[in-house]
Structures are given as C-alpha cells and as structure tokens.
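Down below is the structure, laid out as structure tokens.
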Amino acid sequence: MNRRQAIRLVTVSGAGLFLLRCSGTNARTFPVKLNGASAERGHRLREAGTGKPSRIEHEGVIIVGGGVAGLSAAGALKEGGVDDLLVLELEDEVGGNARSGANAHGRFPLGAHYLPVPETSDDRLIAFLGSCGSIIGRTQEGLPVYNEEHLCGDPHERLFHRGQWRSGIRPRSGLSAADEAQFDRFERMVEDLRQVKGEDGRWAFAIPVDASSTSEDTEALRRLDDISFSDWLAQLGFSAPALLWYLDYSCMDDLGAPAQQVSAWAGLHYFAARRGYGANAEQGSVLTWPEGNDFLVNALKRPVKDHTRTAALVRSVRSSGETVEVDVEHMDTGEMVRYTARHVVLSVPQFIASRILGPVGERRAAGLEYAPWVVVNLTLERPPEERGGEPMAWDNVLFGSKSLGYVNASHQRLDHPRSVILTHYRALTGRTPRLARELVAGVEIAQWVDDAVAELEQVHPDIRDRILEAEVAIWGHGMIVPIPGFIHGGVRRELQRPIGGRIHFAHSDLSGMSLFEEAFHHGSRVAQEILSGWPA
Amino acid sequence: MRALLFTTVFIIATCGLVYELIAGTVASYLLGDSVTQFSLVIGVYLFAMGMGSLASKYIERDLLTWFIRIELLVGLVGGISSTLLYLLFGTVASFHVVLYLLVFLTGALVGLEIPLLMRILKDQVEFRSLVANIFTFDYVGALLASVIFPLVLMPYLGILRTSYLIGLLNIAVGLILLQRFRSEVKRPWALQTLAVILLLAFVLAFALAERVQTFTEGLAYNGRIIHAETTPYQRIVVTREHDGLHLYLNGNLQFSTYDEYRYHEALVHPAFMHASNAKRILVLGGGDGLALREVLKHTGVKQVDLVDLDPAMTRLFSENVKFCALNEDAFHDPRVHVHNADAFTWLRSDTSTYDVVIIDFPDPNSYSLGKLYTTSFYRTLNSRLHEKSVVVVQSTSPYVATASYWCIHNTLRDVGFQVSPFHVYVPSFGDWGFFLASRSSLVTHPIDAKVPRRFIDDRTFAEATHFPPDIAWRGTEVNRLNDQALVRLFEEEWSKVGQ
Ligand SMILES: Cc1cc2nc3c(=O)[nH]c(=O)nc-3n(C[C@H](O)[C@H](O)[C@H](O)COP(=O)(O)OP(=O)(O)OC[C@H]3O[C@@H](n4cnc5c(N)ncnc54)[C@H](O)[C@@H]3O)c2cc1C
C-alpha cells in the first residue's frame with residue numbers, strides 16, 4: 001500500500017493546507033494601497049523644466065527636502081534666530097523615510113520606526129527627546145528618565161527558529177559548543193570595541209559617525225573600513241552559520257545590505273556604538289511608537305510649520321553672486337517660482353542633489369550605493385494564529401528568511417484594539433544595489449504583498465484570511481550602503497563641504513549610514529555652519 | 001455486485017479522509033499550532049493505516065463478515081472520536097496520548113478496509129482492473145472529502161455533526177452490505193441489531209449535537225453550565241453546582257457564590273476604612289457587579305463609575321435575573337455609571353478625581369493584562385487621585401506567587417505611593433492578597449458599623465495585615481511597560497502549581 005499512502009499524504013497535506021487557507025470560507029481579497037517615495041514626482045526631476053518662473057521670492061535660508069535632516073536644520077536655525085526660512089518638500093507630507101500611514105485601525109510606519117536611546121552625554125538629542133515628551137526628566141546623577149510608554153514594550157523581540165518562537169533575535173537553540181564559542185568570542189570583541197576611546201578622547205565607534213575618534217591610535221580600527229565585513233569575519237575565523245546569519249540580519253536591519261556589501265567598520269559599528277541608557281532604560285533599549293519615527297518628525301515639524309511648503313519640487317539650485325537661486329515647481333498649483341536666498345541647504349540624498357545642482361554637482365553621487373526597501377503594512381482583523389513558543393513581540397524575525405520579519409505596529413498601544421497592524425520589512429539586495437533597484441521597479445505591488453504574506457504564512461497559517469487591507473511603501477533609494485572605503489575614505493568629508501559658502505549639505509547619506517541620529521546631526525551641523533556666519 | 005462494492009470503496013475512502021481531517025482540526029483547535037498538529041495527526045494516521053493493512057493478513061476466513069464488523073467499528077470509533085476528545089480535554093492528564101491513540105485506532109481500522117475489500121473482490125474481477133478501479137475510487141473519494149470538508153461540512157454542520165454524519169455513513173455501508181449478502185454473513189441478526197442501534201444512536205446524537213457541545217464543555221467545569229458566551233475579549237462561562245454559581249473567564253475561576261463575599265468584602269471595605277468621607281468611587285474591572293454591591297452599602301457614596309472592557313459582562317450581570325439577585329441589582333442603582341472601555345485609555349481621557357479606587361483586574365497572566373500593573377498605569381491612575389484618595393488593588397495569591405505579589409507592592413512604591421499589604425483566606429482561591437495605596441500615609445479607622453457584612457471587621461482586618469516569614473516582603477524588579485517583570489514572575493510561580 002505504499003503508493004496509496006504516499007499519494008494520500010499529498011492529498012491530505014494539500015487538504016490540510018487548503019483547510020488552513022480557507023478555513024471554511026472562500027479566500028478573501030483585500031485592497032492594496034501604494035505609498036512611499038512617489039516615483040512619478042521623483043522622475044519629473046529628470047524631465048526638462050516646463051517654462052519660466054512666474055514670480056520671484058526672497059528668503060534668508062531655503063531648505064530643500066523636509067526629511068529628518070532638513071527639519072532638524074530648520075528647527076536649529078529657527079532656534080538660532082533665523083526667521084526668514086522656508087522648507088521645500090516634494091511630497092504632500094514632510095518626514096521622508098520616516099513618514100507613516102494611517103487607516104481606520106490605526107497608524108503604522110512606512111519606513112523608519114525606532115530610535116535607540118541615546119548616550120547620556122548627547123545633550124542635543126536628549127533635549128529634543130525632552131521636547132517630544134519621550135524623556136520626562138533627569139535624575140540627580142544626570143541620567144535621563146524615559147517616558148516608559150515610548151520605550152519599546154515587553155516582549156521586545158522573538159525569533160522563529162527550529163519550529164518555535166524563541167525570545168531574543170540572537171539564535172540560541174541547537175548551537176554546537178563550537179558555534180556557541182564563536183558567538184561568545186564575537187560578543188566579547190564588540191563589548192571591548194564599545195569601550196575603546198582614542199587619544200583625542202572620542203569613542204572609536206560613535207554616533208554620529210563623525211564624532212568617532214580620528215587620532216592615530218585608533219587608525220588600525222578605521223582601516224577596517226577598507227575591507228568588507230564578511231571578509232573580516234572570515235579572516236578571524238567566524239564561520240558558524242547561525243552567527244553569520246545573525247550578523248547578516250543585523251547589517252540588513254541597520255545598513256540595508258548584508259555583511260558582504262558593507263565595510264567591517266560599519267558592520268561593527270552596529271554593535272559597538274550603542275552605549276545609551278537611562279534611569280529606567282537599560283543599554284540596548286529603543287524608543288518606538290505605533291507610527292514609528294513619524295512621531296519624532298511631528299515634534300520636528302511643529303516649530304517650523306509656518307515655514308514649510310509641501311508638494312514643492314525643487315528643480316535647480318544655482319549660485320548667482322551673493323545669493324543662490326532655487327527654481328521650484330509647485331505641484332499643487334502648477335506654478336513655477338524662483339526663490340533667491342542667502343543660503344540653501346540641500347537635505348536630499350546626493351543623487352538628487354547632483355541633478356538639482358547641474359554641472360556643479362555632476363560627480364556628487366559617483367560611487368554611492370543605495371539599498372532599496374519594500375515595507376508592507378498588513379492590517380489584520382484580529383491577531384493571527386500562532387505557532388508554538390513565545391507570544392507576539394514588537395520585533396518578530398524568521399530565522400533564515402530573506403526579509404527582516406515584521407514589527408507589530410500596534411504593540412505600543414495601550415488600549416485593546418481587536419485588529420493588529422503588522423509592518424513587514426524587506427531590504428532588497430541583489431548582487432549590487434543597482435541590480436536590486438531594477439528588480440524593484442519591475443515588480444507589481446500586489447506581488448510584494450503576496451511575497452510578504454507567503455512568508456508570514458509559515459508562522460501564522462491563517463494570516464491571509466485575516467487581512468483587511470495592505471499598504472506597500474517602496475523606497476527605491478531607501479538607505480545609503482556603507483560599502484568598503486566610504487565612511488573613512490575621505491569622499492564623505494568632501495561631500496559635506498559647502499559650495500561657495502552658501503550651498504550646504506545635510507542628509508543621512510553623508511554619514512554612510514541611514515540613521516535618525518545621523519540625519520539629526522547633519523541638520524544641526526549645517527545650522528551651525530550657517531549661523532556662525534549669520535549677521536547678528 | 002461490483003458496482004455496489006466500488007461505491008463502497010468510494011464512500012469509505014471519503015469517510016477515512018474526513019476522520020483524519022476531523023482529528024487534525026480538533027487537535028489544532030484544542031492545542032493550537034495547527035501546522036504541527038496537522039502534521040503529527042497525518043503522520044500517525046497514515047502509519048496506523050499501514051499497520052491496519054499489515055494486520056489484514058491475519059484475517060483468513062469470513063472476509064465479508066469481518067468487513068461489515070469493521071465498518072461498524074470504524075463508524076463508531078471515527079464518529080465519536082471528536083466528542084471523546086472534547087470530553088477528555090481538560091479532564092485527563094495526558095491528552096496527547098489519548099489523541100494519538102484515537103487517531104491510531106481510527107487509522108488502523110481504516111487501513112484494514114481496502115485490503116479486505118480487494119481480497120473479497122479478487123475472484124470476481126480481473127486483478128489488473130481490480131487494482132486500477134479500487135485505487136481510482138479511493139483517490140477520488142479522498143479528493144471529494146478534502147473539498148467538502150472545509151467548504152461544506154465544517155461551515156454548515158460543525159465538527160460534531162460532521163463526525164456523526166460520517167460515522168453514520170460507515171454504519172450504513174455495513175448495513176447495506178449486510179442486507180445484500182445476508183446469506184454469506186455469519187450471525188447476520190446480531191450484526192444487524194448492533195448496526196441499527198448504532199445508527200439510531202448517531203441519528204440522535206446528530207439531532208442533539210448542540211446539547212452535546214454544552215455538555216462536553218460542562219465536564220471541564222465543575223457543575224452544570226447555565227450560561228456560556230464567547231465575546232471578542234473572552235469566553236464567559238457560568239456554572240451551577242448544588243446551589244452555588246461559579247463564573248469562569250477563559251477557564252479561570254472568578255468567583256464562586258459560596259465564598260465570593262469574603263473576597264469582595266476584603267476588596268472593598270478596608271479601602272473605606274482608610275478613606276474619610278468617600279463620595280466618588282471608581283471601580284476598574286469587576287463587571288460582575290459584586291464589588292459594586294459592597295461599595296453601594298456605604299451610604300455616603302454619591303457616584304460610582306465602573307470601567308469594564310467587555311460589554312457582554314456588564315450586560316449579563318445587569319440583565320440576567322439570577323445575577324442581578326447576586327449583585328443586589330447594583331447596576332440599576334442610579335449612582336452607578338458603566339463605561340465599557342479599556343481602563344488604561346479610559347483613565348487618560350478622564351478628568352475627574354476619586355476618593356476611592358477599586359482595582360479588580362484579572363491576574364497578570366499575559367503581557368496585555370500585565371500592562372495594567374505597570375508603573376505607567378499607576379502613574380496614570382495617580383493623576384486621577386487627590387492627596388487623601390485610597391486605592392485598593394487585587395494582587396493574586398501571596399502564598400502561591402509570593403514574588404509576584406511583592407512585585408506589585410514594589411511597583412506601587414516606585415511610583416511614590418504609600419502601600420499597605422493585607423491578605424485573607426478565600427476557600428475557592430486560597431490565601432489571597434491585596435494592597436491599599438495612597439499618596440499620603442494610610443490611617444486605619446474603625447469600620448462603619450452600619451455597613452452589613454459577614455466577614456470583614458476591625459479585628460479580621462488587623463490580622464490580615466500580618467505576613468508570616470514564608471510570605472514576607474521581598475525585593476523584586478519593578479513592573480514596567482518596557483520590562484514586564486511581573487508577567488514572568490507570575491508565569492513562573494503559577495506554573496509550579498500546575499494552573
Ligand atoms: C525602510 C526603512 C526603514 C528605516 N528604519 C529606520 C529606523 O528604524 N531607525 C532609523 O534611525 N532609521 C531608519 N531608516 C533610515 C531613515 O532613512 C533615517 O532615519 C532618516 O529618516 C533619513 O532622513 P534624511 O532627512 O536624511 O533623508 P530622507 O528621509 O531621504 O529625506 C529627504 C527628503 O527630501 C525630499 N526630496 C527629495 N527630492 C526632492 C526635491 N527635488 N525637492 C524637494 N524635496 C525633495 C524627500 O521627499 C524627503 O522628504 C530607515 C529607512 C528606510 C528606508
């Protein structure tokens with residue numbers, strides 16, 4: 001009866017899966033929405049401008065791009081006394097990669113969604129978090145006291161590994177003694193690296209990247225920027241598959257690319273640069289909100305609300321004597337306007353800055369690599385069925401999968417919503433980011449949803465039937481990739497230098513890492529640059 | 001004859017597969033993790049079929065008689081297995097063993113069917129076409145089963161009726177074969193009687209499936225179920241045993257009418273002994289209205305707000321005559337205002353202050369309930385208090401979950417409350433603990449003699465504040481939203497007593 005059994009097994013498992021899929025009703029369809037960087041508006045920049053500006057306006061400072069960097073710059077300038085400033089943002093909402101979406105069931109991130117608690121000495125960021133209500137005071141010893149509703153709620157993370165959800169993302173089960181020893185060795189190494197300071201008194205691995213030590217005694221560590229993380233790991237004999245998976249996951253999570261594509265310095269930075277803690281937040285704690293980093297964007301945009309124009313496509317920026325000319329197409333009115341300003345901040349990624357600047361900016365984006373991201377938000381009528389193990393956490397990762405798993409956007413909510421919104425993250429990494437981007441461009445939106453759902457079905461068998469709606473955000477140039485040589489090779493410093501003392505640059509890609517802290521830092525930095533020469 | 005036997009193959013193949021799907025469904029329903037349950041059930045079932053086939057070679061004579069007997073047996077075992085599983089779940093210690101035994105038994109019987117049939121038919125049909133036809137009908141039957149089970153049987157009949165129906169089919173097959181080949185069967189009368197009895201039993205069960213459902217559930221509880229309801233938030237079950245009523249939420253006992261007065265008097269009256277002139281009262285949780293009943297005994301009370309997540313709970317206890325008698329119609333008192341909302345969010349949108357707050361949440365056995373025991377929750381609560389307000393918190397068993405109990409204490413202290421612990425004996429629960437908390441120091445006043453009581457008096461309360469060394473205060477982590485120490489402690493401590 002062997003064949004009978006074999007074929008029956010197929011039928012039965014088919015029936016089983018079928019049963020799980022429809023659980024008695026026919027498979028549902030649900031609406032899918034597209035969000036993210038609007039490709040159509042972005043591509044208009046490549047086409048020639050339509051006609052002459054209809055009028056000319058004058059401003060003190062124009063900020064091109066209302067992402068975290070641009071809004072930080074605007075806020076710092078306003079605080080420094082600059083009142084005639086204007087932020088021009090292409091999309092209908094400011095926030096860039098940190099924007100959020102919303103539907104009847106709640107809010108959810110479209111991109112950036114968390115911020116690790118900053119170092120206790122990072123006064124600027126701590127002051128900013130105070131203004132957001134995320135830090136509610138300081139203890140006598142000077143430790144920040146966090147608003148516990150903004151700290152990631154318990155349980156934080158879980159990993160689906162060997163048929164079970166297990167707490168934490170670092171794989172722990174089924175490791176051989178040798179693998180375990182490699183994990184230990186790696187963890188000890190990064191623990192040591194976290195404590196290394198140069199003779200200049202700066203950490204070897206710091207946030208922002210530009211605050212890292214530049215003295216001679218840390219030169220050897222900076223050399224790690226010349227080789228790829230995976231080569232470095234191989235050189236040191238790190239070969240345990242679970243460890244390599246974990247490190248790949250970590251690089252993708254923060255840098256958008258696997259260990260093979262990023263420099264060893266950048267890969268180690270993920271582990272060795274996070275020293276922040278607070279009175280009620282241990283090291284490694286993160287801040288997060290249902291709407292992700294859009295919470296922070298909201299606090300950034302409030303003080304400069306009256307100085308912001310959205311739906312404004314900046315087409316060109318040109319120096320002209322004592323002023324800078326900015327040509328803008330207002331997408332809402334269709335009007336072309338020429339602004340003149342004493343200073344202009346380009347808080348857009350360099351490949352866009354390059355186009356806006358024309359010949360002056362020709363080579364700005366040469367050699368810069370960006371990783372595309374696809375973020376799929378799934379609104380479920382109720383929490384999905386679980387496989388065994390730990391209950392749903394904020395961050396939920398599947399061992400060995402091609403995505404980064406999902407974040408439960410409803411996790412931070414204190415009420416009892418019946419529905420949940422899960423945010424599925426995937427960084428596209430082909431052999432090169434460019435290849436990956438071409439791939440992104442060629443795929444139907446529904447296909448991204450289907451990919452995400454198919455993956456999650458492994459751990460939530462009934463998820464497909466629970467979906468009420470889906471929203472996809474595609475970020476073609478989501479994150480700068482710190483390829484070997486980029487962070488400490490000198491190009492970055494070049495790119496940060498203002499042109500003619502009037503055109504300034506502030507974007508997270510100038511750090512080689514797309515992080516909130518980096519964007520915030522560049523915003524503050526250019527504000528100082530401008531304010532130092534500002535007439536009192 | 002051939003047509004009849006091939007139809008038989010078709011029917012038994014369909015039935016065989018449905019039994020397997022039923023077992024898989026019941027197992028995933030009761031145990032969760034459907035992928036694992038289905039996989040294991042399928043594996044065990046197929047293996048058992050193999051064993052059944054193997055066993056068929058030991059049947060040497062009277063093949064047709066044996067086949068009919070097996071049909072009756074398959075119908076019986078397969079038909080009642082889901083009922084048995086429901087009955088035994090929660091009453092036997094090793095449910096997995098029972099589950100796989102039943103799956104094995106059904107599988108083995110089903111495995112006997114086809115080999116026997118092939119042997120019965122081998123002299124009447126040419127071997128080549130016999131094999132081809134039998135397998136064809138077998139597989140087509142399997143396909144039919146896998147389609148109608150999720151699309152027709154489950155949605156329209158439900159699991160119990162499906163089982164009875166499929167059991168009936170097997171028995172009917174046995175009965176029809178018996179009629180048709182009467183002369184070739186041994187002791188046809190005995191078999192026929194048995195078949196008819198089984199047939200009637202299943203028809204009856206099919207008609208009464210609804211009652212069977214409630215009954216099987218009843219066994220998991222003590223006593224008879226008089227009310228059962230699944231709300232979006234929980235499963236509410238009320239049982240009656242002798243003269244007492246018991247309320248279960250998600251299978252956890254909330255109160256028993258024998259001794260609930262002890263719990264609710266201890267929850268409410270000590271708080272009033274520490275508050276002076278309490279007029280505005282807030283009750284969080286407590287949708288059964290029993291704490292409310294005690295509160296309303298204090299004649300000085302002007303207004304009571306009760307916040308309970310589940311409208312079904314407050315509806316049940318404000319509309320059902322039996323339950324209204326229990327809470328003395330508390331919900332119809334004009335001083336009472338009910339809010340069906342999540343307590344955390346409700347507190348934030350609220351703007352008034354209260355003299356006494358009574359917190360009667362379920363135990364912190366999940367992260368979402370644990371949120372209601374965190375520093376953030378108590379801080380939010382604090383904003384609704386004045387200097388003299390008194391809060392009481394039901395805080396699990398200090399005997400079973402000593403660290404959990406003191407963790408709640410330490411969390412209240414961390415927020416800046418003055419806290420005083422006390423515990424009483426409630427027979428249904430065991431040693432049960434509470435905390436009084438206030439911004440200012442807690443001063444005990446004599447209990448208001450006008451308030452009718454059976455349990456709490458000044459002396460009882462005084463003794464309740466004493467904690468012997470085995471359950472005395474201990475240091476623990478503080479329970480925070482970002483680090484729910486309490487949920488982990490609670491899980492650890494209660495799992496030791498196997499609850
Ligand atoms: C999927 C994803 C997840 C992420 N997750 C995190 C996270 O969890 N934590 C974290 O710290 N970081 C995360 N990041 C990184 C995130 O990009 C940074 O934290 C930060 O938001 C970048 O800000 P920015 O201002 O440097 O750049 P951007 O967000 O790129 O801002 C640039 C702005 O310029 C606008 N613009 C572009 N062209 C024009 C034009 N021609 N005219 C006018 N305006 C224009 C854009 O619309 C945009 O608003 C994530 C990124 C992605 C893609």
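Note on naming: letters A, B, ... go to the chains in the order of the sequence lines (proteins, then strands), and numbering restarts at 1 for each one.
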Practice task
Under 4.5 Å heavy-atom distance to chain B, tell me which part of H156(A) shows up: side chain, backbone, both or neither.
Solution key: side chain

Exercise for the section: Please look at L309(B) and chain A and tell me whether the side chain, the backbone, both or neither of the residue comes under 4.5 angstrom of a heavy atom of that chain. Expected result: side chain

Fill in the blank from the handout: The reported gap from CD in E149(A) to CG in L481(B) (rounded to nearest 0.5 angstrom) is 6.0 Å

Practice task
Please check if atom OH in Y277(A) has more than 12 non-hydrogen atoms from other residues, nucleotides or ligands closer than 6.0 Å.
Solution key: no

Exercise for the section: Give, as side chain, backbone, both or neither, the part of R382(A) having an atom under 4.5 angstrom from any heavy atom of chain B. Expected result: neither

Handout entry: Distance (rounded to the nearest 0.5 Å) between E282(A) CD and N482(B) CG
Key = 8.0 Å

Exercise for the section: Determine whether more than 12 heavy atoms belonging to other residues, nucleotides or ligands lie under 6.0 Å from atom CD of E491(B). Expected result: no

Exercise for the section: Measure N147(A) against the heavy atoms of chain B and call it side chain, backbone, both or neither at under 4.5 Å. Expected result: neither

Completion exercise
The interface call for T380(B) against chain A, heavy-atom contacts under 4.5 Å, is side chain

Practice task
Rounded to the nearest 0.5 Å, what's the gap from CG on D415(A) to NZ on K371(B)? Could you check?
Solution key: 8.0 Å

Handout entry: Region of H460(A) in contact with chain B, defined by heavy-atom distances below 4.5 Å
Key = neither

Exercise for the section: Please look at R387(A) and chain B and tell me whether the side chain, the backbone, both or neither of the residue comes under 4.5 angstrom of a heavy atom of that chain. Expected result: both

Completion exercise
Taken to the nearest 0.5 Å, the spacing of Y367(B) OH from M392(A) CE works out to 14.0 Å

Exercise for the section: Would you please say whether a donor-acceptor pair under 3.5 Å links the side chains of T374(B) and E148(A)? Expected result: no

Practice task
With rounding to the nearest 0.5 Å, note down the distance linking CG in L414(A) to OG in S368(B).
Solution key: 11.5 Å

Handout entry: D154(A) and R480(B) ion-paired at < 4.0 Å
Key = no

Fill in the blank from the handout: Of G153(A), P155(A), G388(A), A281(A), the largest count of non-hydrogen pairs under 4.5 angstrom with chain B goes to P155(A)

